[in-house]
Amino acid sequence: MKQRLNLNLVISMSCYSSLYKPSLFHTTTNADIKAYLVGKLQTCKDLTSATLTHSKAIISGLSYDTFTTNHLINCYLRLLRIDHAHKLFDQMSQRNVVSWTSLMAGYVSHGQPIVALRLFHQMQASLVLPNEFTFATLINACSILANIDIGRRFHALIEIMGFGCNLVVCSSLIDMYGKCNLVDEARLIFDSMCIRNVVSWTSMITTYAQNAIGHYALQLFREFNHLRLDKPNHFMLCSVISACASLGKLGSGKITHGVVIRRGHDANDVIATTLVDMYAKCGCVHYSTKVFRRIQNPSVIPYTSMIVGAAKYGLGTLSLQLFEEMVDRRIKPNDVTFVGALHACSHSGLVDKGLEILDSMNVKYGVMPDAKHYTCIADMLGRVGRIEEAYQLAKSVQVERDGYALLWGTLLSASRLHGRVDIAVEASKRLIESNQQVAGAYVTLSNTYALAGDWENAHNLRSEMKRTGIQKEPGSSWIEIKESTYLFHAGDISNCNQRSEMLSLLRELEERMKEKGYVGGTTGVVFLDVEEEAKVEIMSLHSEKLALAFGLINTPKGVTIRIMKNLRMCRDCHETFKLISDIVERDFIVRDVNRFHHFNNGLCTCGDFW
DNA sequence: CTAGGGTTAG
C-alpha cells in the first residue's frame with residue numbers, strides 16, 4: 001500500500017537527526033548510499049518519492065551533508081515546492097554558495113525576484129562569497145524587474161570580482177541592459193566578449209528586436225549565419241521572426257519561416273505563435289490562420305495572438321469567432337485576450353458586443369478590467385461618436401499612472417475627431433498636469449481648436465510650444481515594396497524621391513474610394529505645419545477612414561496629407577490595403593515606428609494623428 | 001560534481 005509521507009514530519013526529523021554526529025555514518029557504504037540518493041533526487045518526478053528519498057537521507061545520517069541537502073533543495077524547487085526548499089535551507093548548518101544560489105534561482109524562476117535579491121543581502125552577511133552562478137541569477141532577477149539601478153551595482157561587483165569575462169554572466173548582462181532599453185550598453189558587453197555562443201548572439205538579437213531596431217537584429221542574424229559558428233536554434237529564430245514582424249518584413253519573415261521548417265522547429269508552439277503574429281503584422285492574416293490551425297492544442301497565447309492579429313486587420317468577426325472558440329474549448333482568456341476582443345469590437349463597430357464583453361470580464365472570466373480595457377472601450381465609443389459616454393467612463397474609473405495617460409490620450413484624440421473642444425481641453429489639462437504626453441497634448445489640442453475654427457487659440461498654443469521649447473517628435477511610417485523601403489516623416493516630404501508618384505497614387509486612391517461609394521463627407525482634416533506655424537491648411541478628404549489610414553507628408557505646396565499612417569487602426573484597413581495593392585500591383589506593408597516591447601503598451605487610438 | 005544566460009500575444 002502506497003502511503004503518503006508527512007513532509008513536515010520528515011523535515012522535523014531532519015532537524016532532530018542532525019543532533020547525531022554525522023561522522024558516525026561516514027563509511028564507504030554511506031558514500032554509495034549518498035550516490036544512490038542523489039541519483040534518485042535528480043530524476044524524482046513527484047513529491048511522494050521526493051519525501052521518501054528525503055527520509056532515507058535522514059535515516060542514513062545525511063541531513064548534515066551540504067551536498068545532499070543541496071540536491072534535496074533543488075529537487076523540491078523542481079517540484080515547485082519552494083516552501084519546503086526554503087525550510088530545508090533554513091535548517092542547514094553549513095550553507096555553501098550552491099545552497100544560496102539554488103534558492104535564489106528558485107525564487108527567480110517562481111516569479112519572486114525581489115525575494116532573491118533579499119536573499120543575496122543575507123548571503124553577504126553570511127560570509128559565503130558569490131560566484132558567477134550567483135551573479136547570473138541576480139542579473140536575471142534585475143532583468144525581470146527591469147531594475148537598472150540594482151543591475152548596474154551588480155555589474156560593478158561582477159567586474160570587481162573578476163566575473164566580467166564569464167560567458168553566461170555576459171549573456172545575462174546583455175539581456176538585462178536590453179530589457180531596460182539600454183541597447184548601446186548591451187552592445188558594449190557583446191563586443192567585449194572574447195567567446196560567444198548561440199545564447200549570447202540570441203541575447204543581442206533579442207535586444208535589438210525588442211527595442212524597435214529590427215534591422216540590426218536581422219543584420220546580426222545574417223552575421224551569425226555568415227560566421228557559421230553554430231546553427232540557429234528555436235530561441236534565436238523566435239527573436240528573428242519577431243524582428244521581421246516589427247519591421248513588417250514579410251519577405252524576411254517567409255525566409256525565416258523556411259529556416260524554421262528546415263531545422264524542424266515548425267511543431268514548436270512558441271515559434272508558431274511568433275509566426276502567427278508576424279504574418280498578421282505583415283498584413284497576411286490568411287497565413288496567420290494557416291499557421292495557427294496547425295497548432296495542436298493552442299494555449300491562451302496562440303489564441304490571443306490570432307485574436308489580436310485578426311482584430312487589428314479589421315476582421316472583427318473572425319476575431320470574435322476565435323474568442324468564442326477558445327472559451328468553448330475551456331481555455332481561460334486573460335487580460336491580453338480581452339484587449340484583443342475589445343479591439344475587434346472597436347474596429348468593427350460592434351459597440352454593444354464590446355460593452356457586453358467588458359461587463360462579462362470579471363463576472364464570467366474573473367479578469368478585472370483595467371486601464372487598457374477602459375481605453376479600448378473609450379476608443380470604441382469615440383469612433384462611433386458616443387464621446388459623452390466615453391468621457392463619463394474615463395472620469396468614473398480609477399487607473400494607475402501609465403494607464404491614465406493612455407486613457408486620456410485616447411479621449412483627447414476622440415474629442416478632437418468629433419470637435420468636442422470642451423472635452424479636449426480637459427483631457428489635455430489632465431495629461432499636461434500629470435506631465436505625460438505633454439507635446440502630443442499641445443499639438444492635438446491645437447488641432448482641435450483649428451478644426452473648430454478657433455485659429456487664435458490654435459495659434460497661441462503653437463506659439464507657446466515654441467516659446468517653452470516643447471517639441472513633438474514627428475511620427476514616421478514606412479512601406480516596403482519588394483526589396484526597397486520607403487520612409488516618411490510626418491510633415492516632411494523632402495526626402496521622398498517618389499514625391500510625384502506618391503501624389504498621383506493618392507489622387508488615384510481618392511478616385512477609387514469615391515467609386516467604392518465613399519461620399520466626400522465634411523470630415524475636414526486640419527493640419528498645422530510645425531515649421532511654418534502660421535500656415536494652416538484644411539483639407540477635406542473623401543473619407544475619414546482614408547484620413548486615418550494615411551500618414552503625414554507635406555506636399556511641395558505645403559498641403560499636408562496623411563499617407564499610410566495607422567493603417568491597422570482603420571476599420572476597413574484590409575479594404576484599403578487591397579485598393580493600394582491593386583494600384584501598385586504588388587504586396588507591401590506598413591509599420592509604425594517606436595514600438596517598444598517592454599515599456600510601451602500603447603494602444604492604437606482613434607485619430608492618433610501623430 | 002548539486003546552482004546560472006536566450007523565445008510567443010498587449
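Labels below follow one simple rule: chain letters A, B, ... track the order of the sequence lines, proteins then strands, and each chain is numbered from 1.
Base engagement by A:E132 is indicated by at least one non-hydrogen atom pair under 4.0 Å involving a base atom. Counting any heavy atom pair closer than 4.0 Å across all strands shown, A:L138 reaches no nucleic acid atom. If you check every strand for non-hydrogen atoms under 4.0 Å, A:T202 touches a base. Counting any heavy atom pair closer than 4.0 Å across all strands shown, A:V198 reaches a base atom.
Looking at A:N131 and A:T134, their side chains do bring a donor and an acceptor atom within 3.5 Å of each other. Of the N and O atoms on the side chains of A:D379 and A:T410, not one donor lies less than 3.5 Å from an acceptor on the other residue.
In this model, the phosphate group of B:dG10 is approached by a side-chain N or O of A:K281 to a distance below 4.0 Å at OP1 or OP2. Look at A:N140 and you'll find a side-chain N or O under 4.0 angstrom from OP1 or OP2 of B:dG6. A sub-4.0 Å separation between OP1 or OP2 of B:dT8 and a side-chain N or O of A:Q210 is present. Considering only side-chain N and O atoms, A:K372 lies nowhere under 4.0 angstrom from the phosphate OP1 or OP2 of B:dA9. Look at A:K312 and you'll find a side-chain N or O under 4.0 angstrom from OP1 or OP2 of B:dG10.
Look at A:K179 and A:D175 and you find a salt bridge, because one of the NZ, NE, NH1 or NH2 atoms lies within 4.0 Å of a carboxylate O, short of that distance.
The base of B:dT8 sits with one of its N or O atoms less than 3.5 Å from a complementary donor or acceptor on the side chain of A:T273. Scanning atom types as modelled, no donor and acceptor separated by under 3.5 angstrom connect the side chain of A:S172 and the base of B:dG5.
If you measure from atom CG of A:D277 to atom C1' of B:dT7, you get 13 Å, rounded to the nearest angstrom. A:R78 has its CZ atom 9 Å from the P atom of B:dA3, to the nearest Å. At whole-Å resolution of the value, NZ in A:K34 and P in B:dT2 are 13 Å apart. With rounding to whole Å, A:L173 atom CG is found 12 Å from B:dG6 atom P. The interatomic distance linking A:Y76 (OH) with B:dT2 (C1') rounds to 16 Å, in whole Å. One can place CG of A:N131 at 13 Å from P of B:dT2, the figure rounded to the nearest angstrom. The interatomic distance linking A:N197 (CG) with B:dG4 (P) rounds to 16 Å, in whole Å. Going from atom CE of A:M104 over to atom P of B:dG5 covers 13 Å, rounded to whole Å.
Checked against ring pair (Phe, Tyr, Trp, His ring centres under 6.0 Å), A:F221 has no partners two or more places apart in sequence or in another chain. Among residues two or more places apart in sequence or in another chain, the side chain to side chain contact (heavy atoms under 4.5 Å, CB included) test is passed with A:E325 by A:R293, A:Y303, A:L322, A:R329. Residues meeting the salt bridge (charged side-chain N to carboxylate O under 4.0 Å, His left out) test with A:R196, sequence neighbours left out: none. In this structure A:F154 satisfies the ring pair (Phe, Tyr, Trp, His ring centres under 6.0 Å) test together with A:F120, sequence neighbours excluded.
For A:F67, the side-chain atoms get nearest to B:dT2 when compared with the rest of B:dT2, B:dT8, B:dA9. For A:V270, counting side-chain heavy atoms from C-beta on, the closest listed nucleotide (B:dT7, B:dG5, B:dA3) is B:dT7. Side-chain proximity of A:Q42 to the nucleotides B:dT2, B:dG4, B:dG10 is greatest for B:dT2. Taking every side-chain heavy atom of A:T206 into account, B:dT7 is the closest of B:dT7, B:dA3, B:dG5. Distances were taken from every side-chain heavy atom of A:V308 (C-beta onward) to each of B:dT8, B:dG5, B:dA9; the shortest belongs to B:dA9. Here the nucleotide nearest the side chain of A:S203, chosen from B:dG4, B:dT2, B:dG6, is B:dG6. The nucleotide whose nearest atom lies closest to any side-chain atom of A:H71 is, among B:dT7, B:dG4, B:dT2, B:dT2. Listed nucleotides B:dG5, B:dA9, B:dG4 differ in distance to A:I301; the shortest reach to its side chain belongs to B:dA9. When distances run from any side-chain atom of A:V199 to the nucleotides B:dG4, B:dG10, B:dG6, the shortest one goes to B:dG6.
A side-chain contact (heavy atoms from CB on, under 4.5 Å) with A:V260 holds for exactly one of A:I271, A:V240, A:N268; it is A:I271.
Residues A:R263 and A:H234 form no side-chain contact, since every pair of their non-hydrogen atoms from C-beta on lies 4.5 Å or further apart.
For the segment residues 106-124 of chain A, the set of residues with a heavy atom within less than 4.0 Å of an atom of DNA chain B is empty. For the segment residues 216-241 of chain A, the set of residues with a heavy atom within less than 4.0 Å of an atom of DNA chain B comprises A:N233, A:H234, A:F235, A:C238, A:S239, in numerical order.
Using a 30° and 60° split on the angle between ring planes, A:Y287 and A:Y279 fall in the perpendicular class, above 60°.
Other residues, nucleotides and ligands contribute at most 12 non-hydrogen atoms within 6.0 Å of the CD atom of A:Q94. Residue-environment remark: CG (A:L229) exceeds the threshold of 12 foreign heavy atoms within 6.0 Å.
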